[in-house]
Amino acid sequence: METVKTRIMLETEKELTAGLTEAERYRYFLGRMQYLRYTSGKENLLKSDCSGSVCLALLLAAGCAIRVTADTLYRKFFTKNDDGKADSIRAAFFITNYDRPPDENGRVYHENEVAHVCGICGDDVVLDCSPPRSRLRSLSSMIRIYQTMDYRCRIKCLDHNALEEASARGTDLFGADPEYEEYIRAITEDKN
């Protein structure tokens, strides 16, 4: 994506979300990501994986750049208990109850590790970014599906201070794709 196109897109999104709270922007961007093509390791407005969609929504809503796994989101950034408040940024984490055999990509999930994350974008609505495309789904149905596969679900709120500190350090960006880095540059330059 070219820098000019990125800037135009971000300016349009800024106009559309003017007047919304940060949490409302987070939910807006999660909703906007419905039908993204699932691609492991990606985080842009065309392709993403589960953790990438949450990291991208955080960048676009809060202007804070991190790119980490679902497990790191849970352990480092979404560490506050669910308060149920409308102005909270929340995510649902699906945690395995036992060590899993390697998946189709060779990834092994160990007991108590987060294997999947969904950004919460409404009452009982999440963005489920999984193959083949992301879609809005009912959280309650996701919980039932994952329970049958021996996962438990934890809903957690964002620790905004941890997000801001990590973004300022710029150290929590494992393998961010070029489009994501372009979003970061455009948003960072816009803040200055």
Side-chain angles (χ1 to χ4, degrees), residues 13 17 19-34 43 48-98 109-130 134-147 149-176 180 183-184 187-188 191:
E13 295 294 350
T17 60
L20 297 180
T21 67
E22 188 174 275
E24 289 168 335
R25 285 192 307 272
Y26 171 77
R27 292 189 293 273
Y28 166 84
F29 285 113
L30 288 171
R32 188 185 178 306
M33 287 186 248
Q34 184 173 212
E43 63 289 316
S48 188
D49 62 16
C50 67
S51 58
S53 65
V54 172
C55 291
L56 180 57
L58 290 171
L59 173 65
L60 296 173
C64 294
I66 59 167
R67 180 56 175 107
V68 296
T69 65
D71 194 66
T72 302
L73 281 169
Y74 178 74
R75 297 188 191 289
K76 189 171 182 178
F77 298 104
F78 283 82
T79 57
K80 294 185 173 186
N81 290 328
D82 182 22
D83 57 15
K85 293 180 180 175
D87 62 342
S88 294
I89 292 177
R90 304 179 318 149
F93 296 89
F94 297 91
I95 304 163
T96 183
N97 291 325
Y98 58 84
Y109 291 100
H110 298 286
E111 182 178 356
N112 296 318
E113 185 175 3
V114 174
H116 189 56
V117 60
C118 295
I120 297 176
C121 50
D123 292 338
D124 197 39
V125 179
V126 295
L127 177 70
D128 176 26
C129 199
S130 56
S134 62
R135 59 204 172 280
L136 296 177
R137 296 184 69 177
S138 152
L139 175 58
S140 52
S141 69
M142 293 282 299
I143 291 171
R144 283 192 302 276
I145 290 166
Y146 273 84
Q147 282 176 337
M149 298 185 297
D150 280 327
Y151 288 87
R152 63 191 183 281
C153 179
R154 296 291 178 264
I155 298 170
K156 302 294 272 188
C157 292
L158 177 68
D159 177 342
H160 207 284
N161 290 335
L163 176 67
E164 287 178 351
E165 289 170 10
S167 181
R169 284 192 314 273
T171 55
D172 288 287
L173 291 166
F174 84 87
Y180 187 76
Y183 299 155
I184 294 169
I187 288 171
T188 303
K191 281 183 168 181

Item to check | side-chain contact (heavy atoms from CB on, under 4.5 Å) assessment of Asp128 paired with His116 | outcome: CA-CA 9 Å; Asp128 176 26; His116 189 56; 2.7 Å; yes
Hey, what do you get for [atom1] ([X]) to [atom2] ([Y]), rounding to the nearest 0.5 Å?
X: Leu56; Y: Arg32; atom1: CG; atom2: CZ; answer: 9.0 Å
X: Leu136; Y: Cys121; atom1: CG; atom2: SG; answer: 5.0 Å
X: Tyr146; Y: Cys118; atom1: OH; atom2: SG; answer: 6.5 Å
X: Leu158; Y: Glu164; atom1: CG; atom2: CD; answer: 9.0 Å
X: Asp172; Y: Cys55; atom1: CG; atom2: SG; answer: 9.0 Å
X: Leu30; Y: Arg25; atom1: CG; atom2: CZ; answer: 13.0 Å

Distance-minimising heavy-atom pair for [X] and [Y]:
X: Ile184; Y: Leu173; value: CD1-CD2, 4.0 Å
X: Ala92; Y: Cys153; value: CB-SG, 4.0 Å
X: Gln34; Y: Arg135; value: CG-CA, 3.9 Å
X: Tyr26; Y: Ala57; value: CD1-CB, 3.7 Å
X: Phe78; Y: Ile89; value: CE2-O, 3.7 Å
X: Phe93; Y: Leu73; value: CE2-CB, 3.8 Å

Next on the checklist: One thing to verify: whether Asp123 and Arg90 come together as a salt bridge, which I'm taking to mean a side-chain N less than 4.0 angstrom from a carboxylate O.
Outcome noted: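 Answer for the salt bridge query: no.
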Can you find a pair of side-chain heavy atoms, one from [X] and one from [Y], that are under 4.5 Å apart?
X: Leu20; Y: Arg27; result: no
X: Thr72; Y: Ile66; result: no
X: Val125; Y: Arg137; result: no

Any side-chain donor near an acceptor of the partner, [X] and [Y], under 3.5 Å:
X: Asn112; Y: Arg152; value: yes
X: Thr69; Y: Asp71; value: no
X: Ser88; Y: Asp83; value: yes
X: Glu13; Y: Tyr28; value: yes

Checklist entry - side-chain contact (heavy atoms from CB on, under 4.5 Å) between Thr17 and Leu60: does it pass, once the steps are laid out? => result CA-CA 10 Å; Thr17 60; Leu60 296 173; over 6 Å; no
Next on the checklist: Given 3.5 Å as the limit, does a donor-acceptor pair link the side chain of Thr96 with the main chain of Glu113, or not?
Outcome noted: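 A pair under 3.5 Å: no.
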Item to check | Donor-acceptor under 3.5 Å (Ser53 side chain, Cys50 main chain) | outcome: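 Pair found, side chain donor or acceptor close to backbone of Cys50.
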Next on the checklist: Among Leu127, Val54, Val126, which residue satisfies the side chain to side chain contact (heavy atoms under 4.5 Å, CB included) criterion with Val117?
Outcome noted: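 Testing each of Leu127, Val54, Val126 against Val117, the sole residue satisfying side chain to side chain contact (heavy atoms under 4.5 Å, CB included) is Val54.
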